[in-house]
Amino acid sequence: MGKLWQFLSTVFSGSAMHSDVNSERLKSLPHHYAQFDMELAWEIKQAGMETVVEGVGKNLRYAFMEGIEIWIAAVDAAGQTRARNVCFVIPRQIRMDEIFPFSVKLPIEVEPGMQLKFTYKYKGSDGGDGGVDWLQSFEWTLP
């Protein structure tokens, strides 16, 4: 019984620690967006000839969200989409106030003045209501 308790303590403390890390990242990452349903925070990292948009999101509205997708497109000054990619959030179901990580890799180097167009979509539900499919977009310009 003692080994089982030790194992369960390790598993649950690891989950709490992971949650604390995501909570700290939500506060400390340099770029933020919030709407009635979701809060996002992210940073931009250059990786050779690629750009990685890495961050966390938080479910602010629904008892749970399922099938969250975060799409990011890089648009140049002429309005041309230069790259686009998606992150399918795992775990599949995110409860209210839960924070989840995301990462989107773009196969180009982004430059100051370019716009990142974020689109997130999910199915949100408060339980027993069949849920609602939701899509939200916003733009952010690189400083």
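Considering every non-hydrogen atom in both P143 and P112, the closest pair reads O-CB, 3.2 Å. Of all heavy-atom pairs between E98 and I94, the closest is OE1-CA, 3.2 Å. In plain terms, the two heavy atoms of E50 and P107 that are nearest each other are CG-CA, 4.1 Å. Here the closest non-hydrogen pair linking T81 and A73 is CG2-CB, 4.2 Å. The nearest pair of heavy atoms linking N85 to K105 is ND2-O, 2.8 Å. Taking every heavy atom of both residues into account, P101 and N22 meet most closely at CD-ND2, 3.8 Å.
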Which is it for E66 and R92 under the salt bridge (Lys or Arg N to Asp or Glu O under 4.0 Å) test, yes or no, and what are the steps along the way? CA-CA 6 Å; E66 292 183 316; R92 181 150 171 76; 5.5 Å; no

Step by step, work out the side-chain hydrogen bond (donor to acceptor under 3.5 Å, both in side chains) result for T51 and E109. CA-CA 5 Å; T51 301; E109 289 183 83; over 6 Å; no

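The structure places CD of E111 at 9.5 Å from CG of L142, a figure rounded to the nearest 0.5 Å.
Of the possible donor and acceptor atoms, one in the side chain of N59 sits under 3.5 Å from a partner among the backbone N and O of R61. Judged by distance alone, with hydrogens and angles left aside, the side-chain atoms of D126 form a donor-acceptor pair with the main-chain N or O of A63 at under 3.5 Å. Using a distance-only test at 3.5 Å, with no hydrogens or angles considered, a donor-acceptor pair links the side chain of S125 to the main chain of G127.
With hydrophobic clusters built from ILVMFWY side chains whose heavy atoms lie under 4.5 angstrom apart, W140 shares a cluster with V110. The cluster map of Ile, Leu, Val, Met, Phe, Trp and Tyr, joined by side-chain heavy atoms under 4.5 Å apart, puts Y33 and V53 in the same cluster. Cluster annotation: L40 is connected to V89 through the hydrophobic network of ILVMFWY side chains, with a link wherever side-chain heavy atoms come within less than 4.5 Å.
In the displayed structure, W134 atom CH2 is contacted under 6.0 Å by at most 12 heavy atoms of other residues, nucleotides or ligands.
Aromatic pair F118/W42: centroids less than 6.0 angstrom apart.
Using the six-membered ring where Trp is involved, Y120 and Y122 have ring planes that are parallel, under 30° apart on the 30 and 60° scheme.
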